[in-house]
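Have a look at the structure below, then the notes.
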Amino acid sequence: MIPKVGRGDRVGGLMAYLVGPGRSNEHTDPHLVAGDPAVMAWHDDNELSGESGRAIAHHLDQPRRARGVEVKGGHVWHCSLSLPPQDGELPDEKWAQIAESFMTRMGFDDAEGTKAPMRWAAVRHGLSGNGNDHIHLVVNLVREDGTKASIHQDYRRAQKACRELEVEHGLTRLESDGRERSQRAYTHAEKAAHALSLIHI
């Protein structure tokens with residue numbers, strides 16, 4: 001599983017891209033596979049529209065806006081988790097398990113009640129242009145109580161989490177080495193999402 005990590009400060013633009021048609025109309029049936037309890041109660045696995053994308057963006061950003069907290073480098077943490085083509089397509093239920101486990105391994109959950117919850121969503125919208133099954137995680141780094149989640153070494157933590165999840169879920173095992181399969185910068189679709197994330201919606 002290959003993670004691609006990035007940050008920004010315009011969750012509305014990012015959500016607009018994720019629920020939209022994509023660069024080549026490759027996005028089909030955009031829907032949530034996981035997220036914080038409130039966002040899942042409202043949207044569940046229904047197909048997401050532009051309106052619902054804006055509603056999710058507003059929900060995710062509410063703690064930061066309410067408390068006036070700014071995060072240097074951007075408060076929106078975005079990570080795509082992509083499978084190699086040989087792993088085929090996973091059911092939504094499996095992606096939900098992976099997303100929730102990934103959030104825990106990244107330290108983005110409530111650590112069994114010892115930290116304030118975070119607002120987040122995992123969006124699935126069809127295969128990439130290269131035929132890779134994938135999801136996008138959108139996380140507000142400002143917790144409900146106004147504290148900020150740690151992103152120290154998030155790049156390496158994401159890699160480590162993916163290696164563990166490959167074993168746990170019987171997926172193709174990729175190696176982390178000096179070439180580093182994860183990428184910090186957005187590529188292809190991620191570039192479009194990053195550009196859109198600069199737009200106020």
Side-chain angles (χ1 to χ4, degrees), residues 1-8 11 13-35 40 45 47-48 53 56 74 76-109 120-139 151-197:
M1 191 182 331
I2 302 173
K4 296 179 182 177
V5 175
R7 287 173 64 197
V11 66
L14 178 57
M15 284 303 305
Y17 169 75
L18 295 180
V19 305
R23 288 164 57 91
S24 305
N25 295 312
E26 74 274 22
H27 295 177
T28 59
D29 184 27
H31 60 281
L32 297 181
V33 293
M40 292 304 293
D45 60 354
E47 183 171 350
L48 299 174
I56 292 170
V76 182
W77 193 83
H78 173 213
C79 180
S80 65
L81 301 178
S82 180
L83 300 179
Q86 61 265 33
D87 279 343
E89 295 184 55
L90 301 181
D92 283 351
E93 295 76 14
K94 179 69 74 173
W95 272 123
Q97 294 171 12
I98 289 172
E100 290 166 0
S101 294
F102 184 83
M103 287 287 290
T104 296
R105 285 173 164 86
M106 290 298 295
F108 289 161
D109 64 357
W120 66 284
V123 178
R124 188 181 188 189
H125 56 192
L127 302 179
S128 70
N130 294 325
N132 302 83
D133 194 12
H134 66 286
I135 60 171
H136 294 262
L137 291 120
V138 183
V139 181
I151 55 167
H152 179 65
Q153 294 190 337
D154 59 338
Y155 173 58
R156 294 188 182 279
R157 284 157 54 193
Q159 286 188 319
K160 182 175 184 292
C162 285
R163 300 297 80 79
E164 293 170 352
L165 289 167
E166 287 163 359
V167 174
E168 185 176 315
H169 293 278
L171 302 171
T172 298
R173 297 179 66 177
L174 303 177
E175 294 183 4
S176 294
D177 56 24
R179 292 183 295 274
E180 302 291 18
R181 292 178 179 268
S182 308
Q183 300 177 19
R184 277 198 178 279
Y186 290 113
T187 60
H188 304 300
E190 283 74 26
K191 285 182 180 177
H194 182 64
L196 281 170
S197 72

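Nothing here was measured: the structure is a model prediction, and the numbers come from that model.
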_Using a 3.5 Å distance criterion without hydrogens, assess whether the side chain of H134 forms a donor-acceptor pair with backbone atoms of S80._
no
*Got W120 and D109 here, is their nearest side-chain heavy-atom distance under 4.5 Å?*
no
*Mind listing the closest non-hydrogen atom pair of H125 and L18 along with its distance?*
ND1-O, 2.9 Å
*Excluding sequence neighbours, so at least two apart, what forms ring pair (Phe, Tyr, Trp, His ring centres under 6.0 Å) with F102?*
none
*Please round to the nearest 0.5 Å and tell me the distance separating atom CG of L14 and atom CZ of R7.*
13.5 Å
*If every non-hydrogen atom of V19 is compared with every non-hydrogen atom of P30, which pair is closest and at what distance?*
O-CG, 3.6 Å
*Beyond-backbone contact of V139 with M106, side-chain heavy atoms, under 4.5 angstrom*: no
*What do the steps show when you test F108 against D154 for side-chain contact (heavy atoms from CB on, under 4.5 Å), and what is the final call?*
CA-CA 11 Å; F108 289 161; D154 59 338; 5.6 Å; no
*Under 3.5 Å donor-acceptor, R157 side chain and H152 backbone*: yes
*Is there a side-chain contact between K4 and C79, using heavy atoms and a 4.5 Å cut-off?*
no
_Classify the ring geometry of H136 against H78: parallel below 30°, tilted from 30° to 60°, perpendicular beyond 60°._
parallel
_Rounded to the nearest 0.5 Å, what separates atom CE in M1 from atom CG in L83?_
6.0 Å
*asked:* For L90, is there any backbone N or O sitting under 3.5 Å from a side-chain donor or acceptor partner on D133?
replied: yes
*Would you check if L32 and V123 make a side-chain contact, meaning some heavy-atom pair closer than 4.5 Å?*
yes
*Roughly how far apart are I2 CD1 and T172 OG1, rounded to 0.5 Å?*
10.0 Å
*Do R156 and K160 have side-chain heavy atoms sitting under 4.5 Å apart?*
no
*Approximate separation, where rounding is to 0.5 Å, of H169 NE2 and E164 CD*: 11.0 Å
_Can you give me the closest heavy-atom contact between A99 and A122, atom names plus distance?_
CB-CB, 4.0 Å
*Under a 4.5 Å cut-off applied to non-hydrogen side-chain atoms, are E166 and R163 in contact?*
yes
*What are the two closest non-hydrogen atoms of E168 and S101, and how far apart are they?*
OE2-OG, 3.9 Å
*Does L81 reach the side chain of L137, with side-chain heavy atoms less than 4.5 Å apart?*
yes
*State whether the side chain of D87 and the backbone N or O of L171 hold a donor-acceptor pair below 3.5 Å, judged by distance alone.*
no
*Can you tell me how far CD of E93 sits from CD1 of I98, rounded to the nearest 0.5 angstrom?*
11.5 Å
*Rounded to the nearest 0.5 Å, what's the gap from NZ on K94 to CD1 on I135? Could you check?*
13.0 Å
